[in-house]
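Got a structure here, written out as structure tokens. Questions coming.
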Amino acid sequence: MADARDDIEQEVRDTPRISTGSEGLDAILGGGFDADRLYLYEGRPGTGKTTIALQFLLEGARLGERVLYITLSETRKELQLVARRHGWSLEGLDIFELVPPEATLDPERELTVFHPAELELTETTKLIFDQVEKLNPARVVLDSLSELRLLAQSPLRYRRQVLALKHFFTARACTVVLLDDLSSQQNDLQLHSIAHGVVLLEQLAIDYGAERRRLRVVKMRGIQFRGGYHDFTIQKGGLAIYPRLVASEHDTVAVAECASSGNVELDTLLGGGLEYGTNALLLGAAGVGKSSLALTYAIAAAERGERSVLFAFDEGRGTVAARARSLGLPLEDQVKNGMIRFQQIDPAEMSPGEFAANVRHSVEAQGARVIVIDSLNGYLNAMPDERFLILQMHELLTYLGQRGVLTILVLAQHGLVGPMDTPLDISYLSDSVLMLRYFEVGGTVRRALSVVKKRSGNHEHTIREFRLSTGGVTVGPPLRKFSGVFTGTPRYTGDDFPLMEDGEHAPG
């Protein structure tokens with residue numbers, strides 16, 4: 001019994017894996033498909049089944065394999081149009097058509113074109129078998145099963161024909177992908193039991209913005225895959241699939257060192273600065289200076305020769321550049337020399353999975369040491385449910401921490417003074433929390449800054465005034481003789497007036 005089990009395990013290890021033609025799907029499957037098996041891509045029309053199926057065949061053609069596309073629903077011209085718009089050539093693909101007669105009015109057409117409605121199911125299946133035996137392909141795509149289901153007219157006969165297809169292709173050492181548009185009224189789970197693996201593609205319409213697409217590996221025999229939903233987009237060149245980020249797969253040990261802000265007083269307030277491998281949440285009302293403070297860290301990192309990436313959900317590049325100029329920060333110079341990358345994010349167009357993949361690329365391919373997300377309010381708008389935002393943000397922050405990246409998060413609160421309402425409580429995920437507040441003294445509006453949390457070391461527990469001017473961010477002495485600063489209307493208990501002198505101010 002043990003010997004038989006060992007033989008099976010050895011056979012599993014020896015089974016070759018082949019690429020699906022999609023780097024993202026290969027990553028989800030841990031290397032691709034098992035060769036010589038039958039797989040099912042299912043999804044409603046418009047989800048990208050034909051495109052990813054063509055990627056599968058084009059990968060085989062690139063490797064010098066004979067590949068065959070059997071189509072009962074789309075013509076050769078339609079497939080060529082899809083390929084042309086993706087910048088592909090179908091030169092290495094054999095296409096076998098079974099199309100309606102109105103597409104075959106040209107008498108010069110090849111005799112391999114048939115009308116499924118005029119044929120019995122068994123005859124249609126025999127035509128497919130004959131073509132496969134003639135070409136002996138290593139990869140086959142059959143588009144689509146809905147036509148065979150209509151010809152079968154009964155679930156039992158349909159299942160028998162699909163089983164016949166499976167046994168035929170398995171005996172020929174051929175890897176097959178079947179496409180199904182889910183046109184059946186009932187959930188066809190019997191097809192799942194026949195296929196070696198099932199990949200579900202979905203297209204979701206949201207209340208505002210572009211549609212979202214995602215896929216899920218429903219089943220994959222003998223292959224350990226990454227479960228759950230994975231966002232994808234259809235771009236020129238095929239499906240861009242963004243595997244769900246799993247932080248535990250990127251577990252590394254980051255060296256603890258401080259990242260200076262370039263401001264001595266601010267670093268002192270933080271007990272020496274913010275550490276790489278941690279994240280800091282800048283919390284406060286609109287315009288109080290959160291983005292300017294985050295920008296200061298990005299500029300300081302660039303001046304040390306470290307790359308930074310600023311993901312802006314709320315403001316355009318022109319607005320951020322104007323603020324930097326008003327603060328005397330050389331943002332545009334650092335962007336030109338490649339030390340800072342500015343990316344405008346439209347939450348109505350970009351899915352959270354695509355955003356996480358963008359962040360990973362910034363770290364792994366571009367070597368970014370500082371990531372700024374401005375703001376979480378915009379990121380929240382990209383999510384259909386706040387619960388999922390917390391889970392995704394937890395994975396993303398854990399991943400960035402393990403990669404030794406300093407992450408700065410900006411979160412705008414509702415209100416200007418007094419009690420503040422936070423649209424999202426993410427403070428428990430943050431290693432450091434800096435609170436920025438307006439307060440009024442003597443008829444003037446002032447800004448206050450304090451560190452309310454820092455896991456990685458000691459920090460000052462004072463509240464300091466700070467100011468934004470043409471000289472950048474200036475942090476003043478502790479407001480020791482004030483109480484109730486964060487209420488917006490503090491009470492002064494001293495004899496002198498230890499506030500910062502007025503100067504040339506810059507916008508927050």
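Side chains are part of it too, since the values below use all heavy atoms of this structure and drop only hydrogens, waters and symmetry mates.
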#### Entry: Salt bridge present between D34 and R17 (N-O < 4.0 angstrom)
yes
### Message
Is the shortest side-chain heavy-atom distance between R437 and I463 below 4.5 Å?
### Response
no
### Task
Step through the shown structure and confirm whether more than 12 heavy atoms of other residues, nucleotides or ligands are within 6.0 Å of CD on Q224.
no
### Message
Test your reading of the model: is there a side-chain donor-acceptor pair from R447 to the backbone of L436, 3.5 Å cut-off?
### Response
no
### Query
Does the ring of F439 carry R446 above it, NZ/CZ under 6.0 angstrom from centre and within 45° of its axis?
no
### Message
Would you compute the distance between atom CG of N358 and atom CD of Q343 and round it to the nearest 0.5 angstrom?
### Response
4.0 Å
### Task
Test side chain to side chain contact (heavy atoms under 4.5 Å, CB included) on F466 and L293 and set out the steps.
CA-CA 11 Å; F466 78 99; L293 204 61; 5.7 Å; no
### Summary
Rounded to the nearest 0.5 angstrom, the NZ-CG distance for K49 and L215 is 13.0 Å
### Task
Evaluate side chain to side chain contact (heavy atoms under 4.5 Å, CB included) for L282 paired with L411, printing each intermediate quantity in order.
CA-CA 6 Å; L282 307 185; L411 180 60; over 6 Å; no
### Task
Provide the closest heavy-atom pair for N279 versus S430 in the form atom of the first, atom of the second, distance.
OD1-CA, 2.9 Å
### Message
With side chain to side chain contact (heavy atoms under 4.5 Å, CB included) as the criterion, how do V372 and Y297 come out once you've worked through the C-alpha distance, each side chain's angles and the decisive distance to 0.1 Å?
### Response
CA-CA 9 Å; V372 177; Y297 274 96; 5.9 Å; no
### Task
Kindly determine whether E332 and R325 satisfy salt bridge (Lys or Arg N to Asp or Glu O under 4.0 Å), including the steps that lead there.
CA-CA 9 Å; E332 292 173 305; R325 284 194 299 271; 3.1 Å; yes
### Query
What's the verdict on side-chain hydrogen bond (donor to acceptor under 3.5 Å, both in side chains) for S456 and D431, showing C-alpha distance, side-chain angles and the deciding distance?
CA-CA 7 Å; S456 54; D431 298 310; over 6 Å; no
### Message
Using only atom types and a distance under 3.5 Å, with no angle test, would you say the side chain of K453 pairs donor to acceptor with the backbone of L281?
### Response
no
### Message
Quiz question: by atom type and distance under 3.5 Å, do the side chains of H192 and E42 form a donor-acceptor pair?
### Response
yes
#### Entry: Minimum heavy-atom distance between L331 and A321, given as atom pair plus value
CD2-CA, 4.0 Å
### Query
Looking at side-chain heavy atoms only, is the closest gap between T474 and S469 below 4.5 Å?
yes
### Message
Looking at every non-hydrogen atom in both residues, tell me the closest pair between F311 and S362 and how far apart they are.
### Response
CZ-OG, 3.6 Å
### Task
Would you mind reporting whether T278 and R455 have side-chain heavy atoms less than 4.5 Å apart?
no
#### Entry: Sidechain-backbone polar pair: R244 side chain, I28 backbone, donor-acceptor under 3.5 Å
no
### Task
Find the distance between OH (Y39) and CG (L178) and round it off to the nearest 0.5 Å.
11.5 Å
### Message
Could you check whether any side-chain N or O of R226 sits under 3.5 Å from a backbone N or O of A27, counting only pairs where one atom can act as donor and the other as acceptor?
### Response
no
### Task
State whether the number of non-hydrogen atoms from other residues, nucleotides or ligands found under 6.0 Å of E202 atom CD is greater than 12.
yes
### Message
Quick check for you: to the nearest 0.5 Å, what is the distance between I234 atom CD1 and L201 atom CG?
### Response
8.5 Å
#### Entry: Donor-acceptor pair, side chain of Y276 and main chain of A259, under 3.5 angstrom
no
### Query
CZ of R221: more than 12 outside heavy atoms within 6.0 angstrom?
yes
### Query
Tell me, do I340 and V370 make a side-chain contact under 4.5 Å, heavy atoms counted?
no
### Query
Where is the tightest heavy-atom contact between R317 and Q344, given as atom of each residue plus distance?
N-OE1, 3.7 Å
### Summary
side-chain hydrogen bond (donor to acceptor under 3.5 Å, both in side chains) test vs T50 passes for just one of E78, E74, Q55, namely E74
### Task
Indicate the atoms forming the closest heavy-atom contact of A285 with K290, along with that distance.
O-NZ, 2.7 Å
### Message
Measuring only between side-chain heavy atoms, which start at C-beta, is R403 closer than 4.5 Å to E364?
### Response
yes
### Task
Drop me the distance from D314's CG to I345's CD1, to the nearest 0.5 angstrom.
11.5 Å
### Query
Can you find a pair of side-chain heavy atoms, one from L449 and one from L266, that are under 4.5 Å apart?
yes
### Message
Whether K454 and E460 form a salt bridge (side-chain N of Lys/Arg under 4.0 Å from carboxylate O of Asp/Glu) is what I want to check.
### Response
no
### Task
Classify the angle between the aromatic ring planes of H459 and H461 as parallel (below 30°), tilted (30 to 60°) or perpendicular (above 60°).
tilted
### Message
Looking at R212 and D231, would you say the former's side chain and the latter's main chain have a donor-acceptor pair under 3.5 Å?
### Response
no
### Task
Specify whether F33 and Y41 have parallel, tilted or perpendicular ring planes, treating 30° as the upper limit for parallel and 60° as the lower limit for perpendicular.
tilted
### Query
How about T233 and E354: does a side-chain donor come under 3.5 Å of a side-chain acceptor?
no
### Query
Tell me, do L63 and E59 make a side-chain contact under 4.5 Å, heavy atoms counted?
yes
### Task
Begin with the C-alpha distance, continue with both residues' side-chain angles, and end with the deciding distance and a verdict on side chain to side chain contact (heavy atoms under 4.5 Å, CB included) for L269 and L434.
CA-CA 10 Å; L269 180 64; L434 281 72; 5.9 Å; no
### Message
Looking at every non-hydrogen atom in both residues, tell me the closest pair between R304 and S260 and how far apart they are.
### Response
NH1-O, 2.9 Å
### Summary
dist I52:CD1 -> L57:CG (nearest 0.5 Å) comes out at 11.5 Å
### Message
Please determine whether side-chain hydrogen bond (donor to acceptor under 3.5 Å, both in side chains) holds for the pair R341 and Q366, giving the CA-CA distance in whole Å, both sets of side-chain angles, and the decisive distance to 0.1 Å.
### Response
CA-CA 10 Å; R341 181 167 71 89; Q366 300 176 348; 3.0 Å; yes
### Task
Answer whether the closest heavy-atom distance between the side chains of P330 and I299 falls below 4.5 Å.
yes
### Message
Looking at N337, I want to see if its CG is surrounded by more than 12 non-hydrogen atoms of other residues, nucleotides or ligands under 6.0 Å.
### Response
yes
### Query
Regarding S22 and T20, is there a side-chain donor-to-acceptor distance under 3.5 Å anywhere?
no
### Query
Any donor-acceptor pair under 3.5 Å linking the side chain of N263 with the backbone of V473?
yes
### Message
I'd like to know if the side chain of N377 pairs up with that of S375 as donor and acceptor (distance under 3.5 Å, no hydrogens or angles considered).
### Response
yes
### Query
Is a side-chain donor or acceptor of R37 paired with a backbone partner of G197 at a separation under 3.5 angstrom?
no
